[in-house]
2 protein chains.
Amino acid sequence: MKIDPDSSVDLSIQIASAIRDAIIDGTLPVDERLPSEQELCEHFSVSRSSVREALKRLGAQSLIRTQRGATGGAFVNRLTYAAAHGQQITTSTLLLSMNEVSFSTACEARYALESACARLAAQRRTADHVATMRAEAYKQAQPGLTDEAFCASDVAFHRALVDAADNDVMSYQLAGAVEAMQPLMNMITFSARSRERIVALHNDIATALDDQDADKICELLNELSSYTNSLAESVFAERDALRGQ
Amino acid sequence: MKIDPDSSVDLSIQIASAIRDAIIDGTLPVDERLPSEQELCEHFSVSRSSVREALKRLGAQSLIRTQRGATGGAFVNRLTYAAAHGQQITTSTLLLSMNEVSFSTACEARYALESACARLAAQRRTADHVATMRAEAYKQAQPGLTDEAFCASDVAFHRALVDAADNDVMSYQLAGAVEAMQPLMNMITFSARSRERIVALHNDIATALDDQDADKICELLNELSSYTNSLAESVFAERDALRGQ
DNA sequence: AGACAATTAAATGTCTGACAAATGAAAATT
DNA sequence: AATTTTCATTTGTCAGACATTTAATTGTCT
């Protein structure tokens, strides 16, 4: 890919694109070392600043990593599920917060996607998954738990359900959806009574998973979805009422 | 957020994080102009290069845009569904290509997630969605269509099904999953007979959607999933056989 | 006064050169 | 042989300069 210094497009963008394309089409395989910054300067006929800015762009997308020292340089990163996952969460979180996505829309999406895992999870669940879910439900029942800790445990619970489906691609997709919702969930204050209700549903879900009863899980997820939604609605209604004063 | 020049973490990373956090927590609202590079240098007590590299990182994540000129500068970007979607596809595509994700795993995830839309889509579908799907199915039946065009139309078909669920968050999530699979799908050569079978299933799905029969849609999606999988398996088996010669 | 042209100021984009810091390899020393 | 020292390479950071873009300002003419 060639660089056009007269283009209206920034050099660092052009250079980053060229290298990115080489990575995507396999010209630069995983763990391959890129030419040094000096060599890239000569190759593209640009200054080191432009090359460096291009490399930072690629670094921000986890496409490369850099290492200092004699044998250092920039290396093509193997994109891990964890890294991709982290990026997806950042993106999804921002998307939700910047676009005034309604709670009900996000909630609906989350539980609908989660139900998709239910069938597979019911088939493939191991004792470990069920145990994790029960442990989280137990934690959620502890008095004195902060709302944030409650939400974090909620994420862990659902994460275990998703992982039970034993499909890496699905875990990656779903975990992003579930975790991106957490800032929205954190806006809810959970009363002792509402927590009790949620924990009960969680325990029922764990049991249904143990029994490999997919339909039951879906039914319970639906219930959880509408309950969460109604909780959110009352919180928002209260907030709006206070604002109206 | 403070910057530590003695940290082992690169300055541009620290600066980018600080600004990113300010965007995420709302301190820097959408379309707000960031301080000029010069001002950021003074604020963080670093050189302009470091500030610029940090801004490039944020730019690569679509968090900011920059404009030259008198009233120019860096502005907080409103993250659109389209931009988020594009990033997700790049990430997912790389993830799938770099991690030797098996076709069956990706395929399973895709159809499972798509089934999650089916119920909502059945409730909310409009005549437009059904018409789009029928039009794509018709296109797919044309002889002389390249495999690539066939796959592209396939994506458009499923995209319409997802959009019928009328949930932006879900469309965003699902479209990413469906489109990221396209490079994998493109590896399959579709014979006339297999196309015929797929088009028939597509038409049946369109009909089931029109009839608002969610169960039927799920059943047909499952059928499509196993058929696609068997096609892929035979392609891979043939390829491996050739390789073994 | 209004329309148009030239100037100016502010901002990002690019280049150059320098030094700091990390790091592994080679050389020197014990 | 083991350890230490030196050294070359590479990325990270800094400073300053100039180019380019852009909108506001100023000046000029009708």
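Rounded to whole Å, atom C1' of C:dA22 lies 15 Å from atom CG of B:Asp6. Residue A:Arg65 contributes atom CZ, which lies 17 Å from atom P of D:dT10 at whole-angstrom precision. Here the P atom of nucleotide D:dT10 and the CG atom of A:Leu40 are 11 Å apart, to the nearest Å. The distance between atom CZ of A:Phe75 and atom C1' of D:dT9, rounded to the nearest whole Å, is 12 Å. One can place CG of B:Asp10 at 14 Å from P of C:dA21, the figure rounded to the nearest angstrom. The CZ-P distance, from A:Phe44 to C:dG13, rounds to 19 Å in whole Å. The nearest whole Å value for the distance from the CG atom in A:Asp4 to the P atom in C:dG13 is 17 Å. The separation between B:Ile15 atom CD1 and D:dC14 atom C1' is 12 Å, rounded to whole Å.
In terms of phosphate contacts, B:Arg52 brings a side-chain nitrogen or oxygen within less than 4.0 Å of OP1 or OP2 of C:dG13. Look at B:Thr71 and you won't find any side-chain N or O under 4.0 angstrom from OP1 or OP2 of D:dA23. Phosphate contact (OP1/OP2 of C:dG13, side-chain N/O of A:Ser12, threshold under 4.0 Å): absent.
Side-chain contact annotation: A:Thr126 with A:His129, donor-acceptor N/O pair under 3.5 Å present.
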Apply the test salt bridge (charged side-chain N to carboxylate O under 4.0 Å, His left out) to residues B:Asp10 and A:Arg52: give CA-CA distance (whole Å), side-chain angles for both, the deciding distance (0.1 Å), then the verdict.
CA-CA 13 Å; B:Asp10 292 359; A:Arg52 280 185 62 79; 6.0 Å; no
Given side chain to side chain donor-acceptor pair (under 3.5 Å), test B:Asn229 with B:Ser104 step by step and report yes or no.
CA-CA 6 Å; B:Asn229 234 322; B:Ser104 61; 4.8 Å; no
Which atoms of nucleotides 16-20 of chain D (N or O only) lie under 3.5 Å from a protein N or O atom, and what are those distances?
unit_1 : atom_1 : unit_2  : atom_2 : d
D:dA17 : N6     : B:Arg48 : NH1    : 3.4
D:dT20 : O4'    : B:Arg68 : NH2    : 3.3
D:dT20 : O2     : B:Arg68 : NH2    : 3.2

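A:Glu37 places no side-chain N or O within 3.5 Å of a backbone atom of A:Val51 that could act as its donor or acceptor partner. Formation of a donor-acceptor pair under 3.5 Å by the B:Asp25 side chain with backbone atoms of B:Thr27 is found in this model. A donor-acceptor pair is defined here as one N or O able to donate and one able to accept, closer than 3.5 Å; no such pair exists between the side chain of B:Arg125 and the backbone of B:Leu161.
Taking for each of B:Gln67 and B:Ser45 the nucleotide of DNA chain D with the nearest heavy atom, the 5'-most of the two is the partner of B:Ser45.
No more than 12 heavy atoms of other residues, nucleotides or ligands shown are found within 6.0 angstrom of CD on A:Glu148.
Salt-bridge check for A:Lys139 with A:Glu136: passed, with a basic side-chain N closer than 4.0 Å to an acidic carboxylate O. Checked for salt-bridge contact, B:Arg124 and B:Asp163 miss the test: no charged N lies under 4.0 Å from a carboxylate O.
Within residues 31-39 of chain A, no residue has a heavy atom under 4.0 Å from DNA chain C.
Which of C:dT14, D:dT13, C:dA9 sits closest to the side chain of B:Ala70 comes down to C:dA9.
Backbone-only contact: A:Leu11 has heavy atoms under 4.0 Å from sugar-phosphate atoms and none from a base.
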